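By convention in this document, chain letters (A, B, ...) are assigned in the order of the sequence lines, proteins followed by strands, and residues within each chain are numbered from 1. On a predicted model such as this, the values are computed, not experimentally measured, just so you know.
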Amino acid sequence: MALRVYNTLSGKKEEFVPLAPGKVKMYVCGVTVYDHCHIGHARANVVFDMIYRYLKYVGLAVTYVRNYTDIDDKIINRANRDGIPWHEVSERFIAEFDKDMAALGLELPTHQPKATEHIPEIIAIVARLVEKGHAYAVEGDVYFRVATFADYLKLSKRNLEEMQAGARVEVDGRKENPMDFALWKGAKPGEPSWESPWGAGRPGWHIECSAMSMKFLGETFDIHGGGKDLVFPHHENEIAQSEAANGRPFVNYWLHNGFVNINSEKMSKSLGNFFTIKEVLERYDAEVLRFFLLSAHYRSPIDFCDQNLNEAHAGLERIYKGLAEIDRVCAGKREAGGLLSDGGRELEEKVRDIGLRFREAMDDDFNSALAIAGLFDLTRVVNRVAAEDSVVSDRLCEILATARQAVIDVGRVLGLFTSEPAEYLGRIKSRRAAELEISTEEIEGLIGERALARKSKDFKRSDEIRDLLLSRNIALLDSPLGTTWAVK
RNA sequence: GGCGGCGUAGCCAAGUGGUAAGGCAGAGGUCUGCAAAACCUCUAUCCCCCGGUUCAAAUCCGGGCGCCGCCUCCA
């Protein structure tokens, strides 16, 4: 089955056919490094990391470029505010971005270029646009002349006249057309600048992506991604610049991820309802966040709230527990032979199909939500076998081991299940225990006391202890091997 | 006002022509001294409403209602 992707340009799902067989060139807009990243950045980057991994998984050789926009008005503002040089702002937040992405378990892109390291390339494109009549200089600024690009707004499917009619922007009288946008901004006194044919200045917002994608991926490449909010104006303007300069199609497939809402509200700085990645990771394990982000289709809006995160936590834990069950069962006593119970046979079947189900789900526009459903399905049957089969045969363990590997393989694409199950469950437990008012020693002591009470059949005292701990959010789990505890 | 998207059980969420995945929560059962976990069974006669196309529609078309996003920096 072939990979199909939703292309913003056509508004439809299309079969993905790379320009060069077996190779994919992909560019994703990175961040402007002037502040800490928030949960919306987390989604965009996790989503495209998943896409990157899947493309590789199906055997494609992917060149993945994700840029840093390290010169921009916001960076300059922040530097002025903090009284430090602009490059200290960008350097600091590049480092913070890298930390966040590493914490989220992202793979590194093939290239991570910076705008300021491509000034000559940027100037060259601007010069070419001026030369071809697609751009004009005014008092040190250079603007793109949208009237010369017939396909303008083909991505966002808007209409130039109507946009102007409804424009909320103050019109800059120096522009020929209010919709013309800056390719190059002349420097005001004290601002960072680079020499150019139009005087000292710096690149406009959109041009660096045209320059860097062209440098690393060529004039036409396969996939360009980013958040939905970049469709207009950023990506629209990239198309205009690149196609006007090169006279060739810029990108074949445009992929855009949906927004993160906070408690069903749009997340925005003005509403103050945004969370940085670091804040979220203080409260939730990185893998839980990743699981949450991938549990909905990447184009759907997703609602960030405690209930949904807690559900993600429960779901991820369920699958990890299933993996831990496999480890437990197969480490125990086994019998030679290949007899399988009904459950064993069902598991055999599920394991056989899981790879195909995964590919079908992911081939359909990277449907990670459906892919995860397949894992839950497999987990249920694993648990059934673990609960019902008193005799564990070598054959069953082989199948369980295959199931375990299948989950790990899927996890490798989704960036999940990277920990040993026991290690993950332990990590979660101690994380939650740290929030408790009660010490581990105290819990263990009470469990010991209860064990004595149970031995002497003093179930009244036994239940008192259970209830006492339960009131402190500790659940006791009795098993033939003894009593363990978990945080509720 | 223009453009785009969405509306599936209490909640989250797949499903774009063949008769409703999965998770959470809930009910009953198995197990347990009692529990928890796990497993089993059940929980949408129906997919916002009204028309239409079709042998067949949550899925396609038309109309309506509601919600959201973009149009300004934004992942």
For the residue pair A:Phe93 and A:Tyr34, is the inter-centroid distance of their aromatic rings smaller than 6.0 Å? no

Please tell me which of the listed nucleotides, B:A36, B:C70, B:G33, lies nearest to the side chain of A:Phe232? B:C70

Which nucleotide, in any strand shown, forms a Watson-Crick or G-U wobble pair with B:C67, with both distances under 3.5 Å? B:G5

Between B:C34, B:C39, B:A75, which one does the side chain of A:Leu230 approach most closely? B:A75

Select one nucleotide: of B:A36, B:C39, B:G69, the one nearest the side-chain heavy atoms of A:Lys266. B:G69

If you measure from the Lys or Arg side-chain nitrogens to the Asp or Glu carboxylate oxygens, is any gap between A:Glu423 and A:Arg427 under 4.0 Å? yes

Distance between the P atoms of B:A13 and B:U53, in whole angstroms? 35 Å

Should A:Arg384 be listed as having a side-chain N or O under 4.0 Å from OP1 or OP2 of B:C40? yes

Using the C1' atom in both, what is the distance from B:C48 to B:C39, to the nearest Å? 37 Å

Determine the contact category for A:Ser156: base if any of its heavy atoms lies under 4.0 Å from a base atom, sugar-phosphate if only primed atoms, P, OP1 or OP2 are that close, otherwise nothing. sugar-phosphate

For B:C73, does the base pair up with any side-chain atom of A:Asp229 as donor and acceptor (N or O, under 3.5 Å, distance only)? no

Regarding A:Arg450, tell me which of base, sugar-phosphate or nothing describes its non-hydrogen contacts under 4.0 Å with the strands shown. base

Decide yes or no, distance alone: a donor-acceptor N/O pair under 3.5 angstrom between the base of B:A35 and the side-chain of A:Arg466. yes

Over all strands shown, is A:Val28 touching base, sugar-phosphate only, or nothing at heavy-atom distances under 4.0 angstrom? nothing

Just by distance, with hydrogens left out, do A:Ser210 and A:Glu238 show a side-chain donor and acceptor under 3.5 Å apart? no

Students often get this wrong, so: under 4.0 angstrom with heavy atoms, is A:Phe459 touching a base, only sugar-phosphate, or nothing? base

Expected string for nucleotides 13-27 of chain B under the B/S/- scheme (protein heavy atoms, under 4.0 Å, primed atoms plus P, OP1, OP2 as sugar-phosphate) is SSS-----BSBB---

Quick one: does NZ or CZ of A:Arg299 land under 6.0 Å from the six-membered ring centre of A:Tyr6, within 45 degrees of the ring axis? yes

